[in-house]
**Q** 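The structure follows.
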Amino acid sequence: YHAEALNTLFLLLGTTRQNGILCVTTGPLTKAVFFKEGQVVFSGSTDMADRIGNVLVRLKMVSEEDLERIANDDDPRRFGVKLKAAGLINHEQLWEALRVQVSDICHSLVNFPVSTYFFLPNCVPYDSFSHFRIHPTQVLFQGMIQYDEAQKHAGIDPTAVDDRSPLEILSAMEEE
């Protein structure tokens with residue numbers, strides 16, 4: 001079961017104070033978590049839902065219209081810098097949104113349908129970006145809470161035991 005192995009790896013990277021990048025993929029999606037001295041310092045994702053603009057809209061710091069206007073201009077700078085230059089957000093708001101983005105990408109790994117994962121040791125330079133120092137147990141715990149809440153909201157009892165056989169479950173998954 002990939003999620004359990006991934007959670008164990010996440011904790012191992014934290015307790016052994018590793019430096020490197022954990023990459024997790026499924027189909028066309030890749031999520032990466034950057035570790036420095038065993039703590040999460042950054043993350044990235046190819047999932048459009050994880051983009052900083054979407055985080056800012058979800059946090060109600062910018063509107064969808066502002067997002068589209070800034071996205072369609074010819075300015076080559078990074079998106080957050082363009083939003084700041086346009087006066088739509090300030091420095092503190094950008095940092096808060098980045099912190100939420102890093103945390104959310106990590107939290108999503110709790111129920112991410114993993115097909116491949118690997119760790120690239122020592123790929124994070126010693127002087128790399130490290131404004132967010134989040135302990136892996138904190139990330140996993142919060143991710144599990146969010147996953148359970150989403151299951152409850154969807155009407156699924158996370159403590160319920162599925163009494164179907166593995167073949168019946170597999171067959172049901174293929175039909176979906």
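Just the heavy atoms: all of them, side chains too, but no hydrogens, waters or symmetry mates, feed the values below. Residues: numbered from 1 along the sequence shown.
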**Q** Tell me whether Val81 is reachable from Val102 by hopping between hydrophobic residues (I, L, V, M, F, W, Y) whose side-chain heavy atoms are closer than 4.5 Å.
**A** no
**Q** Any chance you could lay out the side-chain contact (heavy atoms from CB on, under 4.5 Å) test for Phe79 and Leu67, step after step, and finish with the verdict?
**A** CA-CA 9 Å; Phe79 200 71; Leu67 209 61; 3.3 Å; yes
**Q** So for atom CZ, which belongs to Arg17, do other residues, nucleotides or ligands contribute more than 12 heavy atoms lying within a distance under 6.0 Å?
**A** no
**Q** Distance from Met61 atom CE to Glu92 atom CD, nearest 0.5 Å?
**A** 10.5 Å
**Q** Calculate, to the nearest 0.5 Å, the distance between atoms CG and CG belonging to Asn19 and Leu13 respectively.
**A** 10.0 Å
**Q** For residues Thr46 and Pro28, report the shortest heavy-atom separation together with the two atoms involved.
**A** OG1-O, 3.6 Å
**Q** Step through it carefully: locate the ring centre of Phe119, locate the ring centre of Phe10, and say whether they are under 6.0 Å apart.
**A** no
**Q** I'd like to know whether Val40 forms a side-chain contact (heavy atoms from CB on, under 4.5 Å) with Phe35, so could you lay out the CA-CA distance, the side-chain angles of the two residues, the decisive distance to 0.1 Å, and finally the verdict.
**A** CA-CA 5 Å; Val40 174; Phe35 287 85; 4.0 Å; yes
**Q** What is the distance from atom CD of Glu96 to atom CD1 of Ile89, rounded to the nearest 0.5 Å?
**A** 11.5 Å
**Q** Which atoms form the tightest heavy-atom contact between Ala97 and Val55, and what is the distance?
**A** O-CG1, 3.6 Å
**Q** Check whether Ile52 and Phe34 end up in the same hydrophobic cluster, where Ile, Leu, Val, Met, Phe, Trp and Tyr are linked by side-chain heavy atoms less than 4.5 Å apart.
**A** yes
**Q** Working note: Arg69 + Leu88, criterion side-chain contact (heavy atoms from CB on, under 4.5 Å); need CA distance, chi angles, decisive distance, verdict.
**A** CA-CA 11 Å; Arg69 182 170 48 86; Leu88 296 170; 3.8 Å; yes
**Q** Is a side-chain N or O of Asp66 found less than 3.5 angstrom from the main chain of Val62, in a donor-acceptor match?
**A** no
**Q** How far apart are the closest heavy atoms of Ile21 and Ala32, and which atoms are they?
**A** CG2-CB, 3.9 Å
**Q** With a 4.5 Å cut-off on side-chain heavy-atom distances among I, L, V, M, F, W and Y, is there a chain of contacts connecting Ile105 to Leu56?
**A** no
**Q** Which heavy atom of Gln101 sits nearest to which heavy atom of Arg51, and what is that distance?
**A** NE2-C, 3.8 Å
**Q** Counting distance only, does the side-chain N/O of Gln39 pair as donor-acceptor with the main-chain N or O of Lys36 below 3.5 Å?
**A** no
**Q** So which heavy atom on Gly80 is nearest to which on Leu94, and how close?
**A** CA-CD1, 3.9 Å
**Q** Apply side-chain contact (heavy atoms from CB on, under 4.5 Å) to residues Val100 and Leu59 and explain how you reach the verdict.
**A** CA-CA 9 Å; Val100 169; Leu59 294 173; 4.1 Å; yes
**Q** Restricting to side chain to side chain donor-acceptor pair (under 3.5 Å), what partner residues turn up for Lys31, sequence neighbours left out?
**A** Asp50, Ser108
**Q** Would you compute the distance between atom CD1 of Ile70 and atom NZ of Lys84 and round it to the nearest 0.5 angstrom?
**A** 13.5 Å
**Q** If you look at every heavy atom in Cys23 and Leu120, which pair is closest and at what distance?
**A** SG-CD1, 4.3 Å
**Q** Atom CG in Asp104, atom CG in Leu109: separation rounded to 0.5 Å?
**A** 11.0 Å
**Q** If you define the side chain from C-beta out and look only at heavy atoms, does anything of Leu9 sit under 4.5 Å from Leu22?
**A** yes
**Q** Residues in side chain to side chain donor-acceptor pair (under 3.5 Å) with Arg77, at least two apart?
**A** Asp75
**Q** Mind checking what makes side chain to side chain donor-acceptor pair (under 3.5 Å) contact with Asp73, not counting sequence neighbours?
**A** Lys82
